[in-house]
Amino acid sequence: MMDAIFLDRDGVLNEEIGYASDPKDLRLITGAPAAIRVFNERSIPVVVVSNQSGIARGYHTETDTKRFNAALSKALQKEGAYVDGWYYCPHHPDGKGEYAKVCDCRKPMPGLLRRAADEMSLDLSRSVVIGDKASDIAAGIAVGCQTVLVLTGHGANEWAVWREDFQPSHVAPDLARATEWLLAKWRRICRPIGS
Ligand SMILES: [Mg+2]
Ligand SMILES: [Zn+2]
């Protein structure tokens, strides 16, 4: 069984619109709540790990990000889906003020995954990262996770441009299909002998 599922936010759970920060711009990607429910029902922690450099760039505040995450959480809960942990990186090397720095938590660096794993006691080597960018996949590979690229958000373009340069464990049209793939794989592994 999987220890945890790490999900990128924009382009995986909600439609990618570029630096989303206003709850009124929130649009869930079709099938995302049902996919999260699949993990909830199996007691597999679901953790959102997101680059939010819009904070460092001065496009929106950290409070905006928290408000957007709260709205997303509420929209998912309305569909019976629950996220166990929310993590984001507010930094960017070319940002402003306190957020302007080269950090270890902006994907493709795996700092957010490591922090979440520490705080929530999760085994990264038995976890899965699902994202729509090469940087999501690289962060997952760096800490030994399985990785699934979804083609929603930036995914289709990233896969067209970078397919030679990164190797996700799997490529799926969207989170719903990524989840189906993981479930099928899990069933194969866990099928009792003789059945
Ligand atoms: Mg994304
Ligand atoms: Zn950071």
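When a ligand or atom number is given, it counts from 1 through the structure's own listing order. All values below come from the heavy atoms of this structure, side chains included, with hydrogens, waters and symmetry mates left out.
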- Does the side chain of Tyr19 come under 3.5 Å of the side chain of Gln52 through a donor N or O and an acceptor N or O? no
- Query: Side-chain donor-acceptor pair under 3.5 Å between Asn51 and Arg9, yes or no?
  - Reply: no
- Message: Which of the protein's N, O or S atoms come within less than 2.8 Å of the Mg ion (ligand 1), not counting waters?
- Response: Asp8 OD2, Asp10 O, Asp132 OD1
- Query: Below 6.0 angstrom between ring centroids: does that apply to Phe68 and Trp86?
  - Reply: no
- Message: Using 0.5 Å steps for rounding, measure from the CZ atom of Arg27 to the CD1 atom of Ile17.
- Response: 8.0 Å
- Task: Would you please say whether a donor-acceptor pair under 3.5 Å links the side chains of Arg57 and His92?
- Result: yes
- Item | CG-CG distance between Leu151 and Asp132, expressed to the nearest 0.5 angstrom | 9.5 Å
- Note on the structure: Shell check on the Zn ion (ligand 2): protein N, O or S atoms less than 2.8 Å away are Cys89 SG, His91 ND1, Cys103 SG, Cys105 SG
- Using a cut-off of 6.0 Å, state whether more than 12 heavy atoms not belonging to Trp159 lie near its atom CH2. yes
- Query: When rounded to the nearest 0.5 angstrom, what distance separates NE2 in His91 from OG in Ser53?
  - Reply: 11.5 Å
- For the atom pair CG (Leu72) and CZ (Arg67), what is the distance rounded to the nearest 0.5 Å? 15.0 Å
